[in-house]
Number of protein chains: 2
Amino acid sequence: MITIKDIAERAGVSYATVSRALNNRSDVSSETRKLIMELASEMGYQPNAIARSLVKRKSMNIALIVPDVSNPFFADITMAVNSAAENAGYTTMVCNTGWDQQKEQEKLRIMVEQRVDGIILKPTGFFKPETLEAYNVPIVVFWHAGDDDLSYIEVDHETGSRMAVQHLVDRGYKHIAYIGGQETSPSNQIRLLAYQQTLQENGLVVDPKLISFGGFRLESGYERFGKMMHLPKPPDAVFCSNDIIALGVLQYTREHNIRVPQDFGIIGFDDINYASLPQIELSTVSQPRDKLGEEALLALIREMEAFPERTRQRVLIAPELKVRSTT
Amino acid sequence: MITIKDIAERAGVSYATVSRALNNRSDVSSETRKLIMELASEMGYQPNAIARSLVKRKSMNIALIVPDVSNPFFADITMAVNSAAENAGYTTMVCNTGWDQQKEQEKLRIMVEQRVDGIILKPTGFFKPETLEAYNVPIVVFWHAGDDDLSYIEVDHETGSRMAVQHLVDRGYKHIAYIGGQETSPSNQIRLLAYQQTLQENGLVVDPKLISFGGFRLESGYERFGKMMHLPKPPDAVFCSNDIIALGVLQYTREHNIRVPQDFGIIGFDDINYASLPQIELSTVSQPRDKLGEEALLALIREMEAFPERTRQRVLIAPELKVRSTT
DNA sequence: CTGAAAGCGCTAACAA
DNA sequence: TTGTTAGCGCTTTCAG
C-alpha cells in the first residue's frame, strides 16, 4: 500500500506538504498541489483512515447495536441510520446482540475499543443506565426515557394506541378487545393504558375478560383470540399489540369464516412489511422506521457535539395510522 | 481515555511491559501481570483498536457490501456473515449500495480506506473484475464465477431449478409454465435452461407460450400469469423465478377460485420469510442464507490467508426444496 | 508556501 | 523478566 511518503519522494517535497495538498488546504501552491494530486491518483494512493483516526482522535465511524438485523423492523432501522450516517459523513458498524444481554455488553465493549464516535443502541431488555454512562461515549438509546442522563428515542406508543382504538370506535365497533404481548413489557403497559382510556373517553366499558397478555407470536395470538371468541359476550373487534399477533387473529377469522371487516375489525401495531401484502392487508399503526433511524442519528450527532456533556434528549416519533382492509 | 502509559506510570513499569501483560504474553512475571491487570480494570482501561490496527497492519474488520439490508434476503445474509465473522474474531462493517453502481464503487473505496482485512460483495449488477482486483484487497463476490482471478460464491441455480420442476412433474402436473424475471438476468437464464431440460428429460414438451419474462415483482407475476390462463391451452402448474412473482400468481388463483394444489401447482424460488406464513404456505426452493453467509466468510478467510495470492475459489451452495401447500 | 519534528496509542525487535 | 527504541501513516504545530 502506498503512503504519503512515497508520494512525497516522487514529488520531491516533504510529506507534510503532501498531507496538506491531499486535504486540500489553502496553504499549498497550486502547482505543487496539482503535481501531488496527479501523482496520488497515478500511483493509486488510498488514504489510511486508521492512521488519520489515530491522530485526529475521531474515527468518523458510529455503531448501531440491535438485537437482530434479520428482523424486518430492525433491518429498516438499520437502513435508515445507515443512510443518514452516510449523509453526515459517517460509516456505520452494525452489531447484533441476538437478544442476549451479555453479548450486548461485549458488542458495546468492542465498539468502544474500535473508538466509534458514537453509539445507537436498541437494548435487549432492561439495562442499568450507569453501565452505559460508564462507557463514556456518546450514546442514544431506543427506549422509554428514564430519569438518568442518557438520550432516548422511541415511537409514541400512547398516541399510536389511541389512534388505533379510536379508529375502531369510529368504525362503529363496540366491544373491542386488547390482545397484548408480554405483561412485563413496558411498551405493552403503555398500550394497554391508552386502550382503556380511549374506551372510557368514548363511553365504552372496559371488560377485563377482553384483555389478554402473552407472547408476541402468531400462535399465541391465534390461541388467545380463539378463547375470547368462546366467551358469552365475544368481542367484535380487536386491537393487537403487534402485527404478528394480529396475523394469528386473522388466521383464526379466516378459518372460522368470520367476515372481516364487516362483522369483525382487526388492527395491529408496527406495520411490518407483510402487513401490506395483498393477501393480508392488515390495518395497523406504523412505527415509521425511516424517521426513527434518521432522528436517532440526528440525536446522536447532537450528543457527539456536546460530548462529554450529555444532552439528555428525549425524542418521541409520531406513529401513523395505516387503514387497510381489516377494519 | 486512559492509555497503557497511564497504567505504566501507576505501576512503575515501562509501557512495553504493560502491553505484554495486557496481551497476556508469557514473558511477564506473574506479579507484574497481576498488578497491571488490576490497575487496568480499576482505571477502566479500554484498549485502542485503532492504534493496534495501525501497527499490526490488520484491523480485524471485514466489510459486507450489499444492495439493500432491508431486503429480507440480504438481511439474512448479513446476519449469517456477521455471526460467522464474530466467531472468527472479526467485526463486520455493513454497507448499502442502494442498487447504485456508483455508490458501490464509493463504498468499496471507503472500506479500503478503513483498511478492512477483506470484503464480501454482492454486486449491484454487471461489474468489471479488473476494478475489484485493482483495489488490492481480499474479496469474495456473490456472483456466477467468471474466468478472472476473483473468488465467487452463489447458490446452485441449476440444481435448484431442476428440483423445482422435477417436483412439479412428480406431483403429476403435465403442462408446466415458467414465469421468469428480467430476461437479461444471468440467474434467470440458468433457471430457464434447467426448466427446459428437466421437462424434456421427463418427456414433456416445452411450449414457448408458457415461458414469460418480466419484472421480479408481484404485479408483474399476477399480470403475466393472468394472460397465460387465457391461452387456449393454459398451464396446470407454474415454476416462478422468485417468490414475489409466485405471490402474484397465488393472488390470481385466489381471486379466480383456482384450487391450489388440487387443480394447479405453484412453486417459487428463494424462500423469502413470508413464504412460510400460514396464509401463504408457498412451496419453494430455498437459498440457504445462513449457509451462504457462512461459506462466504470461510472463503474470505482463505482468501485473506493466501493474500496477495488470489485463491480463485468457486463455491456453490446446494439449494433446498421446501414443499408446502401450493404443490 | 514549505520543511522539520512531535506525537496519536500501540506492538515488536533488540538489548540489558 | 524488563526497558529502550523504532516505527505504523498520518496531522499539526512551529519555524523558516
Side-chain angles (χ1 to χ4, degrees), chain A residues 1-37 39-40 43-61 89 109-117 136-137, chain B residues 1-37 39-40 43-61 89 109-117 136-137:
Chain A
M1 276 267 127
I2 108 130
T3 74
I4 50 172
K5 287 196 181 175
D6 300 321
I7 299 180
E9 208 167 329
R10 287 259 315 254
V13 295
S14 77
Y15 63 92
T17 303
V18 176
S19 173
R20 290 191 191 100
L22 259 20
N23 291 291
N24 45 128
R25 296 248 295 261
S26 52
D27 51 355
V28 192
S29 78
S30 56
E31 306 120 69
T32 19
R33 156 172 297 120
K34 189 158 163 270
L35 173 64
I36 290 171
M37 289 307 207
L39 241 31
M43 300 170 76
Y45 171 71
Q46 303 275 20
N48 186 325
I50 295 198
R52 175 185 296 137
S53 301
L54 186 59
V55 32
K56 288 210 152 187
R57 290 129 149 271
K58 201 157 186 327
S59 64
M60 294 309 278
N61 290 157
R109 203 206 67 229
I110 293 176
M111 290 301 106
V112 170
E113 292 191 359
Q114 296 279 342
R115 293 295 189 271
V116 293
D117 297 331
N136 208 38
V137 63
Chain B
M1 275 266 128
I2 109 127
T3 75
I4 49 173
K5 286 195 183 175
D6 300 321
I7 300 180
E9 207 168 331
R10 287 262 312 254
V13 296
S14 76
Y15 64 91
T17 302
V18 176
S19 172
R20 290 190 191 99
L22 257 20
N23 292 289
N24 45 125
R25 297 248 296 263
S26 53
D27 51 355
V28 192
S29 78
S30 54
E31 307 122 65
T32 17
R33 156 171 298 117
K34 188 157 161 274
L35 172 63
I36 290 171
M37 290 307 208
L39 241 31
M43 300 169 75
Y45 171 70
Q46 303 276 17
N48 185 326
I50 294 197
R52 176 186 294 136
S53 301
L54 186 59
V55 30
K56 288 212 155 190
R57 291 125 152 273
K58 204 161 184 317
S59 63
M60 294 308 280
N61 289 157
R109 203 205 68 231
I110 293 176
M111 289 302 105
V112 170
E113 292 191 359
Q114 295 279 341
R115 293 297 187 272
V116 293
D117 297 332
N136 208 38
V137 62

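Labels below follow one simple rule: chain letters A, B, ... track the order of the sequence lines, proteins then strands, and each chain is numbered from 1.
- Partners of B:R52 according to the side-chain contact (heavy atoms from CB on, under 4.5 Å) rule, which considers only residues two or more places apart in sequence or in another chain, are B:N23, B:P47, B:K56.
- In this view, B:E113 and B:R109 satisfy the salt bridge (Lys or Arg N to Asp or Glu O under 4.0 Å) rule, not counting sequence neighbours.
- Here A:K5 pairs with nothing under the side chain to side chain donor-acceptor pair (under 3.5 Å) rule; sequence neighbours left out.
- Contacts of B:A51 classified as side-chain contact (heavy atoms from CB on, under 4.5 Å), with partners at least two apart in sequence or in another chain: A:L54, B:N48.
- For A:M43, the side-chain contact (heavy atoms from CB on, under 4.5 Å) partners are A:I2, A:D6, A:I7, A:R10, A:L39, not counting sequence neighbours.
- Looking at residues two or more places apart in sequence or on another chain, you find a side-chain contact (heavy atoms from CB on, under 4.5 Å) between A:D27 and A:R20, A:R25.
- Applying the side chain to side chain donor-acceptor pair (under 3.5 Å) criterion to A:R57, with sequence neighbours excluded, gives no partner residue.
- At its two ends the helix from C:dC1-D:dG16 to C:dA16-D:dT1 runs along axes set 40° apart, each axis drawn from five pairs and the angle rounded to 10°.
- Listed by chain and residue number, B:Y90 satisfy the side chain to side chain donor-acceptor pair (under 3.5 Å) test with B:K58 (two or more places apart in sequence, or in another chain).
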Can you give one letter per nucleotide of nucleotides 11-16 of chain D, 5' to 3': B if a protein heavy atom sits under 4.0 Å from the base, S if only from the sugar-phosphate, - if neither? BBB---
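- Protein chain B contacts DNA chain C from C:dG9 to C:dA13, reading 5' to 3' and using non-hydrogen atoms of the protein with a distance under 4.0 Å.
- Between B:S29 and D:dT2 there is a side-chain polar atom (N or O) within less than 4.0 angstrom of OP1 or OP2.
- When the side chain to side chain donor-acceptor pair (under 3.5 Å) test is applied to A:T17, the partners found at least two apart in sequence or on another chain are A:S14.
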